[in-house]
Amino acid sequence: MNILVCIKQVPETTDVRINPETNTLVRDGVQSIVNPFDMYAIEEGIRIREKHGGKVTVITMGPPQAENALREAVSLGCDEAVLLTDRAFAGADTWATSYALSMAIRKIKDFDIIICGKQAIDGDTAQVGPGISTFLDIPQITYVKKIEDIKPGFIRVERLTEEGFTAIESSLPVLLTVVKEINEPRLPSLKGKMKAKSLQIAKWTAVDIGANPEKIGLPGSPTIVNRIFTPPKKAGGRIMKGDAVQIVTELVGELREKHIV
Amino acid sequence: MPLMVNEKCIGCKLCEKACPFDAIHVVEKLAVVDLDKCTLCGACVPACKFDALKIDVKRRGAANKDDFKGVWVFAEQKKGKVQSVAFELLGAGRKLADVRKSELCAVLLGKDVTGETARLFHKGADKVYVVDRPELENFLDEPYAKILDKLVKKYKPEILLAGASTIGRALIPRVAILSNTGLTADCTGLDIDPATGNLLQTRPAFGGNIMATILTDLHRPQMATVRHKVMKELAPDTSRTGQVIDVTDIDAADLSSRTKIANIVDELEKTVNLTEADVIVSGGRGLRAPENFKMLEELALVVGGAVGASRAAVDSGWMPYSHQVGQTGKTVCPKVYIACGISGAIQHLVGMQSSDVIIAINKDPDAPIFSVANYGIVGDVFEVVPQLTTKLKEVLKK
Ligand SMILES: Cc1cc2nc3c(=O)[nH]c(=O)nc-3n(C[C@H](O)[C@H](O)[C@H](O)COP(=O)(O)OP(=O)(O)OC[C@H]3O[C@@H](n4cnc5c(N)ncnc54)[C@H](O)[C@@H]3O)c2cc1C
Ligand SMILES: Nc1ncnc2c1ncn2[C@@H]1O[C@H](COP(=O)(O)O)[C@@H](O)[C@H]1O
């Protein structure tokens, strides 16, 4: 089985804050991490290889420093890494991102399963996985919480739904997006860390993947950001302290009065 | 260089502060862009009070916009029943259609679903497109996407809305690619720009710290998903009817699928269906031990609610992941959210801050949860929660 794992480097959003006094972004100490959902994608890719053989290639589109995310994936056990990096990719929305990744995957050619995270925590769109499978014209299964069986040309998985789950079978190749419940990601091994240091990472530009310049980056993006603003603050609530019995009586009284309960 | 700084720049640093990526710095009273960091996100352009920044890129256009008319809502169904998110979208769609002076249409794919059209009219639809086929009984990514794409290409709606559910989030991205247009996920606000007629799609970004308004200005339809319980459904008007359009010209190829459903399993524990619950009682690390969640279950039982948890509580193994509220868990919007022993980290807040009424119980008066709470009780959960249960039992006579 040849597995491709798509990962994204994202700012750890805990650190992106608005300074309420100046109404500006506080960036100090913003760390870049591998999108947490993609850690499950990496882990699942490695587990499939451990069971069925083959190799795991990890791929990301991003600025040059996204190389760090790839090296982290290699330290966990991925075999190869591809970095799509080019100024021409800047400003890509999910349409243009999926297109670029699908063109890189066409260049890699040899794959059975593509695994993405459920969503990236910076945009939370969950659109890039389905976008890639549509551009490649392959089937997709989103919200996968368990892989039940893999045989040549066949996969059976459990897909999370609002009510429970659905068991789904598909032909290969297929694209999966995975949720947190699927596994418990491992820690990097010493061997992995050494490999991550020395591995030659392929760096591809828009020209290398044969991308149509009109379909990538900002020019290729059907959506644009029109305005960015701070969410309106919720009006200050009522703080109650003191004797528990008294507070609760008062609270329940008010909740009843306002027909909240 | 696609982000241009012109001579109007006075070096005021407003752009430097607005940049989420630390890509602009003022050097000798002039903004300088670090191309390795700039993602062309556009945050700096409106931040500049002097019109000194321009993103100068010619973007690919596609649709002849005037050919596209009407607002469509994807009427997601399960087991033949239209899901409530579709009715909420009709509520939002009605306003948009009225502003655009156009029709509001629902699109219903399924098996034996024609009986559902009446409810769609009652909740605001003028027209319902129905594709009723045995193969469409349950959601399947490929046939649903191919058929919706064909309908979009044939009838050319201006706007297409869908729920940000597990189905909507799998389906609509596929349709957006097939239909060659943009898609904005998880919108919390939808409005029409009076000047251009474009759909203003507002959504949280960076874990809810920032709001962004997104446009699909050159392509049609403008597609957006919205989470359950974000928009309000209209009160049903049972006198309303409309036109049912039975779509029958569907090719066998459009119905084919490379994935197949082997089994559907519903695990409806009544306490887990968090996103549907009117009241949620949530616990965090302040509960200290798994057995203490009993206390929350008792309170939830009294008010007919569900039990939620913070990630810290889930990671400690006190509650299953299906109960987690927040950025990496579920987004909920109940009438009442009671946060017990939860500090209120931003990743938790983004999952619950749009609840109608938030009650927080925490012994730390400085806990950030109090900044979103309507009622903030500074106190010990082990004292307050049992009191609350007793008192509510009393007044609700249970
Ligand atoms: C990428 C990422 C994604 C994340 N996603 C999520 C998510 O989806 N959901 C989520 O919840 N978190 C998420 N987190 C974690 C989040 O940052 C916090 O760590 C977490 O929400 C904290 O949980 P807590 O409030 O239960 O615990 P704590 O922060 O430890 O707070 C416990 C609170 O209980 C109070 N307390 C203690 N004892 C008592 C008592 N006897 N009576 C009353 N109050 C008491 C304390 O004062 C404290 O405020 C995420 C983090 C990251 C980095
Ligand atoms: N720039 C990128 N490079 C590689 N993979 C990506 C990129 N953006 C998104 N993905 C993948 O698509 C998933 C969903 O991302 P999103 O649609 O942005 O929420 C992520 O979990 C990744 O697996």
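Letters A, B, ... mirror the listed sequences (proteins, then strands); counts begin at 1.
Contacts of A:T249 with chain B are made by both backbone and side-chain atoms, with heavy-atom separations under 4.5 Å. For a residue to count as touching a neighbouring chain, one of its non-hydrogen atoms must lie under 4.5 Å from one of that chain's; by this rule B:A170 touches chain A with backbone and side chain alike. Only the side chain of B:I55 comes within contact range of chain A, with heavy atoms under 4.5 Å apart. In this structure, the portion of B:K58 lying under 4.5 Å from any heavy atom of chain A is its backbone and not its side chain. When heavy atoms are compared at a cutoff of 4.5 Å, B:Q387 approaches chain A by way of both its backbone and its side chain. Within the 4.5 angstrom heavy-atom criterion, only side-chain atoms of A:L255, from C-beta onward, approach chain B. Proximity to chain A (any heavy atom under 4.5 Å) is restricted, for B:Y321, to the side chain, taken from C-beta onward. Proximity to chain A involves both the backbone and the side chain of B:V384, based on heavy atoms less than 4.5 angstrom apart. Both the backbone and the side chain of A:V245 come within contact range of chain B, judged by heavy atoms closer than 4.5 Å. Contact annotation for B:I359: only side-chain heavy atoms (C-beta onward) come within less than 4.5 Å of a heavy atom of chain A. With a threshold of 4.5 angstrom between heavy atoms, B:V336 approaches chain A through side-chain atoms but not through N, CA, C or O. Interface remark: A:D137 contributes backbone and side-chain atoms alike to the contact with chain B (heavy atom separation under 4.5 Å). For B:N180, the parts lying near chain A are the backbone and the side chain together; criterion is any non-hydrogen pair under 4.5 Å. There is no contact between A:F89 and chain B, counting heavy-atom distances below 4.5 Å.
In terms of heavy-atom pairs under 4.5 angstrom with chain B, the leader among A:T94, A:T161, A:V128, A:I168 is A:I168. The most heavy-atom pairs under 4.5 Å with chain B, out of A:R156, A:R256, A:K258, come from A:R256. Of the listed residues A:E254, A:Q65, A:E158, A:K241, the one with more heavy-atom pairs under 4.5 angstrom with chain B than any other is A:E254. Interface summary for chain B: among A:V10, A:I138, A:D93, the most heavy-atom pairs under 4.5 angstrom belong to A:I138. No other option in A:I224, A:L251, A:T177 has as many heavy-atom pairs under 4.5 Å with chain B as A:I224. Between chain A and the options B:G329, B:S257, B:G182, the largest number of non-hydrogen pairs under 4.5 Å is found for B:G182.
In this structure, A:T97 has no side chain to side chain donor-acceptor pair (under 3.5 Å) partners at least two apart in sequence or on a different chain. With sequence neighbours excluded, the residues that form a side chain to side chain contact (heavy atoms under 4.5 Å, CB included) with B:T213 are A:N226, A:R227, A:F229, B:L200, B:T202. Scanning for side chain to side chain donor-acceptor pair (under 3.5 Å) contacts around A:K118 gives an empty result, with sequence neighbours left out.
Of all residues spanning residues 142-150 of chain A, those with a heavy atom less than 4.5 Å away from chain B's heavy atoms are A:T142, A:Y143, arranged by number.
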